[in-house]
Colleague: 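This is the structure I want to talk about, given as structure tokens.
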Amino acid sequence: RSFARSLLRFLGFIFWGTSAAQAFGGVLVILMFKNYRYLFQDSFLSLPGWLALTTSLILLPTGVLAVSISVKCSHNKQGTLMYLLLLLFCLEVSSAALAHSYYVRTASRLESVMGYLVHQHNWTCAQDPGNSAVDVIQRKLQCCGVYNYTDWLRTSSSSYHPTCVPESCCKEKHSHCRGDLGHVDQLSEEGCLKKLEAQLSFAMLYIFWFCTVLIILELLAGISNGILMRHQPFRELCIL
């Protein structure tokens, strides 16, 4: 029982700390799909982020109850903690499963979507509109094309403007860059696909592995709370 109390107290403090980290992961996923909504048309893809935010809010009272029970057992608090741990378990499992599923699904579609945006983009060397979806992505990520700037030479516009790429390919430090292929050093070297995959991988796998770790901690908290509840008369735990 003493070990169960100590472990429950420790896990209570851990839940407080992980609440902020879980909220960070949720906001990260939501903002990523919001910033690149041109690529991810499905609105439900941000669902793992919202589940993570909900989990972070529930972790706070769960941590308070865990610390409180480790100091002084209360039948009502022990029962409430069990319900919260069960709710957290369901949320974490759902969030982890969705994050992994959506990561596999969106990663396989990124290349085709980026290729389509590049192929459909219309620009001129004299007047670059610079306000299309692909321009926004290239400026945000400081990238050019799907794999590199040569992707723009294979588009339908290359026969008319083979000597330039969109100005959004220019590096920020070169304010006078106009996408001229004669000054390749002024263009971003990396393609957008690699950077997008890196951001998607970090956000989704962060949620997946963080939820997996939390599931294990919640199971330990449930076992510890259960050990303490075993020593209470059954009639006093009727709230369950």
Side-chain angles (χ1 to χ4, degrees), residues 3-37 39-70 77-78 80-110 137 140-141 192-228:
F3 176 76
R5 285 178 182 273
S6 300
L7 181 59
L8 198 59
R9 183 185 300 112
F10 172 75
L11 291 173
F13 290 117
I14 291 294
F15 288 154
W16 288 346
T18 54
S19 175
Q22 184 79 328
F24 168 76
V27 171
L28 187 67
V29 170
I30 293 170
L31 289 180
M32 184 188 67
F33 285 111
K34 181 180 179 181
N35 292 335
Y36 304 118
R37 56 187 178 275
L39 299 173
F40 311 109
Q41 299 295 330
D42 300 325
S43 58
F44 58 82
L45 291 176
S46 60
L47 184 57
W50 290 109
L51 289 177
L53 281 180
T54 304
T55 302
S56 68
L57 294 176
I58 301 176
L59 279 171
L60 292 175
T62 304
V64 173
L65 281 174
V67 174
S68 176
I69 292 172
S70 66
K77 290 180 180 179
Q78 287 176 316
T80 304
L81 178 61
M82 278 300 193
Y83 283 123
L84 288 179
L85 289 174
L86 179 60
L87 177 59
L88 284 172
F89 180 81
C90 294
L91 287 172
E92 298 288 358
V93 170
S94 300
S95 186
L98 289 174
H100 184 268
S101 174
Y102 291 169
Y103 168 68
V104 173
R105 177 179 177 179
T106 54
S108 62
R109 293 171 52 189
L110 271 179
I137 293 171
K140 280 183 178 179
L141 298 180
C192 296
L193 180 62
K194 183 178 179 180
K195 290 193 171 184
L196 281 169
E197 286 178 340
Q199 285 199 6
L200 177 67
S201 174
F202 176 78
M204 287 305 201
L205 294 184
Y206 178 94
I207 291 289
F208 175 78
W209 288 113
F210 198 84
C211 288
T212 303
V213 172
L214 271 178
I215 288 171
I216 297 174
L217 295 179
E218 288 155 11
L219 289 174
L220 290 175
I223 293 172
S224 300
N225 192 33
I227 292 174
L228 297 177

Colleague: Nearest 0.5 angstrom please: Phe89 CZ to Ile216 CD1, how far?
Modeller: 10.5 Å
Colleague: Going by the angle between their ring planes, with limits at 30° and 60°, are Tyr206 and Phe202 parallel, tilted or perpendicular?
Modeller: tilted
Colleague: Work out which heavy atom in Pro48 is nearest to a heavy atom in Leu98; give both atom names and the distance.
Modeller: CG-CB, 3.8 Å
Colleague: Does the side chain of Leu220 come within less than 4.5 Å of Phe10's, by heavy atoms?
Modeller: no
Colleague: For the pair Met204 and Thr106, evaluate side chain to side chain contact (heavy atoms under 4.5 Å, CB included) and give the outcome as yes or no after the intermediate values.
Modeller: CA-CA 11 Å; Met204 287 305 201; Thr106 54; 5.6 Å; no
Colleague: Working to the nearest 0.5 angstrom, can you tell me the gap between Leu47 CG and Ile30 CD1?
Modeller: 9.5 Å
Colleague: Taking the side chain as everything from C-beta on, heavy atoms only, tell me whether Leu193 gets closer than 4.5 Å to Glu197.
Modeller: yes
Colleague: Output all residues satisfying side-chain hydrogen bond (donor to acceptor under 3.5 Å, both in side chains) with Thr18, sequence neighbours left out; order by chain, then residue number.
Modeller: none
Colleague: Side chains of Ile227 and Phe3: does their closest heavy-atom pair fall under 4.5 Å?
Modeller: no
Colleague: Between Leu200 and Tyr36, is there a side-chain heavy-atom distance shorter than 4.5 Å?
Modeller: no
Colleague: Tell me the side chain to side chain donor-acceptor pair (under 3.5 Å) pairs involving residues 215-225, sequence neighbours left out?
Modeller: none
Colleague: Can you tell me how far the CG atom of Leu86 sits from the CG atom of Leu81, to the nearest 0.5 Å?
Modeller: 11.0 Å
Colleague: Take Leu87 and Tyr83, measure what side chain to side chain contact (heavy atoms under 4.5 Å, CB included) needs, and give me the verdict at the end.
Modeller: CA-CA 6 Å; Leu87 177 59; Tyr83 283 123; over 6 Å; no
Colleague: Provide the full list of side chain to side chain donor-acceptor pair (under 3.5 Å) pairs with a residue in residues 92-105, sequence neighbours left out, each pair given once.
Modeller: Gln22-Glu92, Asp42-Arg105
Colleague: Just verifying a value: how many Å separate Met32 CE and Leu45 CG, rounded to the nearest 0.5 Å?
Modeller: 8.5 Å
Colleague: Considering non-hydrogen atoms only, spot the tightest contact between Ala66 and Gly12 and give its length.
Modeller: CB-CA, 3.7 Å
Colleague: Taking Ser68 for the side chain and Val64 for the main chain, is one N or O donor matched with an acceptor at less than 3.5 Å?
Modeller: no
Colleague: Would a 4.5 Å heavy-atom cut-off, applied to side chains only, mark Leu196 and Leu141 as touching?
Modeller: yes
Colleague: What's the separation between atom CG in Leu51 and atom OG in Ser56, rounded to the nearest 0.5 Å?
Modeller: 11.0 Å
Colleague: If you round to the nearest 0.5 Å, how far is CG of Leu8 from CG of Leu228?
Modeller: 6.5 Å
Colleague: Could you walk me through whether Phe15 and Leu65 pass the side chain to side chain contact (heavy atoms under 4.5 Å, CB included) check?
Modeller: CA-CA 10 Å; Phe15 288 154; Leu65 281 174; over 6 Å; no
Colleague: Does NZ in Lys34 sit with more than 12 non-hydrogen atoms of other residues, nucleotides or ligands closer than 6.0 Å?
Modeller: no
Colleague: Would you please test Val67 and Trp16 for side chain to side chain contact (heavy atoms under 4.5 Å, CB included) and show each step?
Modeller: CA-CA 10 Å; Val67 174; Trp16 288 346; 4.2 Å; yes
